Amino acid sequence: MSTLPTDESPRAPEDTESQAPALTRRSLLARTGATLATGALLMHGREAQAQSAVPGAKAPRADSAAATGGAVARQTHLPPGRAGRDYRPIVVPNGTKLPWKDVGGVKVFHLVAQEVEHEFAPGLKATCWGYNGQVHGPTIEVVEGDRVRFYVTNRLPAHTTVHWHGILLPNGMDGVGGLNQKAIAPGETYRYEFTVRQTGTGMYHSHHDEMTQMALGMVGMFVIHPRKPVGPRVDRDFAIMLHEWRIDPGTNRPDPNEMTDFNILTMNAKAFPGTEPLVVRQGERVRIRFGNLSAMDHHPIHLHGYQFRITETDGGRIPDSAQWPETTVLVPTGSTRTIEFVADEPGDWAMHCHMTHHVMNQMGHDLPNLIGVKPGGLDAKVRPLLPGYMTMGQTGMGDMGGMHHMPVPSNSIAMVGGKGPYDEITMGGMFTLLKVRARLDGEGDPGWYTLPPGTQAQLAQEDELRRDGIDVEAPPSAEPGGTRRG
């Protein structure tokens, strides 16, 4: 995380860019890392030194009210950061970004809270609440040092507010209804304004009747680029919001009262097979920012085929000495995590939550356990009463992928299943693909990956089995895992 200048100089004039580098250099001197959001990591050596430098850990943060003696944090700001000049724009699969305009050196945004008809996947739509006609709300993208002004118009049938989750700002801009402000009544427009004093990935969401309004979709991502990038520059920068919903088959609104059994798990408000792939060129450096505003669940997001470094938390960038390699990143509810890696191996790589019930859709919930059941002639006896009846689930849930070819309740989707190049992909929910290609023709979906000869798992042939001494009728027994002592 970094802060703005600690000197008393006035803000840089909007038309004078020559002053910005000096201000930025001073702000970069204050940049440190962020605390790791885990109590399980034992800190020592270089890692302990890195953590001791976290702003606010040992002394007041630069520019804070305590450091300056002011009533609030110093609000000195820089000219608006520009895409292409100051940062590489993010990509929001299945999502949008919030536009802004420059008014006297301030970035001005307009958010409209409103009811939204949203499609989670083909065959499943619901009436949700969101922003600017979107669920989730458009991603906000700004630059460290920007002065931002948000107008929030309420077109909902209820009061609302906006909380800027993880963002450093004056207390009166924090957006907690009743505590920091009066709630925004239907038809009213409120103004929020502050200077962005940090870098990293935050979020925004309603902070009035949170249980209802967040469950209905009123959340979004808030990305803050540094004025001067830290670490290797990335070629692709993706933002993905994780969320969970309860939408009973046949209904058309999420249930905000659900506490345990969520049956739609989404990435950027889409459930597989409705999720767009993340498309990158081989050799590019990739950053993926995850935010989690699910009501109850953490999400361990696993990326196939790659190791990556966890480079940021919602507190900002982790010092290099404290980063560690992973293949799965746990994103706690209410938090963000950022990973980076080089896309060095081509293919279609799965990326999904590793809580197995989070890669299912509606029809996988509240089912009886039929594993091992032998229905015999039951189907034939039942079909005169229920035409088309078929017992399913006695050998597992893999066959459920074909349910999208069968009649299902109105406004519902099969438990799992999306078309793959060889078979049904028996996943749903919080599942998507990273598509890495040596060459790209445009930025769209490049289609399925063509595997080079000799690099794909295949049906074993008899001569191969004989050559390698494999007898499928007499498989070897397992060897003991250790020697018992005593």
Side-chain angles (χ1 to χ4, degrees), residues 1-34 53-56 60-68 70 72-90 97-109 139-150 164-171 173-174 191-204 221-231 233-234 237 239 287 289 312 314-317 336 338:
M1 186 181 298
S2 60
T3 57
L4 289 180
T6 58
D7 67 324
E8 296 292 342
S9 59
R11 74 180 192 185
E14 286 75 13
D15 60 349
T16 307
E17 305 232 346
S18 60
Q19 296 186 30
L23 290 171
T24 303
R25 282 194 295 273
R26 288 197 291 275
S27 73
L28 290 170
L29 291 176
R31 178 174 288 117
T32 58
V54 171
R61 293 172 299 206
D63 281 343
S64 67
T68 64
V72 297
R74 183 179 288 126
Q75 296 294 296
T76 305
H77 65 91
L78 300 173
R82 301 281 179 176
R85 184 191 69 186
D86 299 306
Y87 64 92
R88 182 179 297 278
I90 58 170
K97 292 190 283 187
L98 188 62
W100 58 273
K101 57 185 177 181
D102 183 349
V103 180
V106 177
K107 286 186 175 178
V108 177
F109 301 83
T139 295
I140 296 166
E141 189 172 24
V142 298
V143 180
E144 173 191 18
D146 282 346
R147 183 74 172 177
V148 295
R149 184 179 300 144
F150 293 96
W164 316 98
H165 185 107
I167 308 303
L168 306 178
L169 36 60
N171 187 239
M173 297 294 173
D174 197 43
R191 175 180 57 82
Y192 298 83
E193 185 168 345
F194 50 90
T195 295
V196 179
R197 303 166 46 224
Q198 64 196 102
T199 67
T201 307
M203 299 178 282
Y204 67 94
M221 298 285 280
F222 195 122
V223 174
I224 308 169
H225 297 281
R227 286 278 164 167
K228 182 177 181 181
V230 177
R233 288 180 178 267
V234 298
D237 193 341
R287 175 185 292 138
R289 307 168 187 261
E312 293 182 3
D314 36 351
R317 189 168 181 86
T336 69
T338 299

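This one's a predicted model, so the numbers in the text were calculated from it and none came from an experiment. Just so you know, residue 1 is the first one in the sequence shown, and it goes up from there.
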Indicate yes or no: at least one non-hydrogen side-chain atom of [X] is less than 4.5 angstrom from one of [Y].
X: Asp174; Y: Leu169; result: yes
X: Ile140; Y: Lys107; result: no
X: Val142; Y: Trp100; result: no
X: Thr199; Y: Glu312; result: no
X: Ile90; Y: Met221; result: no

Results of side chain to side chain donor-acceptor pair (under 3.5 Å) for Arg88 - residues two or more places apart only
none
Might you point out which heavy atoms bring [X] and [Y] nearest each other, and give the distance in Å?
X: Ala67; Y: Pro60; value: N-CB, 4.0 Å
X: Gly81; Y: Val143; value: CA-CG2, 3.8 Å
X: Gly84; Y: Pro89; value: N-CD, 4.4 Å

Roughly how far, to the nearest 0.5 Å, is the [atom2] atom of [Y] from the [atom1] atom of [X]?
X: Lys101; Y: Phe109; atom1: NZ; atom2: CZ; result: 12.0 Å
X: His77; Y: Phe194; atom1: NE2; atom2: CZ; result: 13.0 Å
X: Phe150; Y: Glu193; atom1: CZ; atom2: CD; result: 10.5 Å
X: Tyr204; Y: Leu98; atom1: OH; atom2: CG; result: 6.0 Å

Partner residues of His165 under the ring-ring contact (aromatic ring centres under 6.0 Å, His included) criterion, sequence neighbours left out:
His163, His205
Where the side chain of Glu141 meets the backbone of Lys97, is there a donor-acceptor pair that is under 3.5 Å apart?
no
Closer than 3.5 angstrom, by distance alone: can the side chain of Gln198 be matched with the main-chain N or O of Val196 as a donor-acceptor pair?
no
For the pair Asp63 and Thr76, evaluate side-chain contact (heavy atoms from CB on, under 4.5 Å) and give the outcome as yes or no after the intermediate values.
CA-CA 9 Å; Asp63 281 343; Thr76 305; over 6 Å; no
Taking only Lys NZ, Arg NE, NH1 and NH2, and the carboxylate oxygens of Asp or Glu, determine whether Asp146 and Arg227 approach each other closer than 4.0 Å.
yes
Which of Arg74, Glu144, Arg147 passes side-chain hydrogen bond (donor to acceptor under 3.5 Å, both in side chains) with Thr195? It is Arg147
Set of residues satisfying side chain to side chain contact (heavy atoms under 4.5 Å, CB included) with respect to [X], sequence neighbours excluded:
X: Ala65; result: none
X: Pro99; result: none
X: Thr336; result: Thr201, Met203, Asp314

Looking at residues at least two apart in the chain, or sitting in another chain, which of them share a salt bridge (Lys or Arg N to Asp or Glu O under 4.0 Å) with Asp237?
Arg287, Arg289
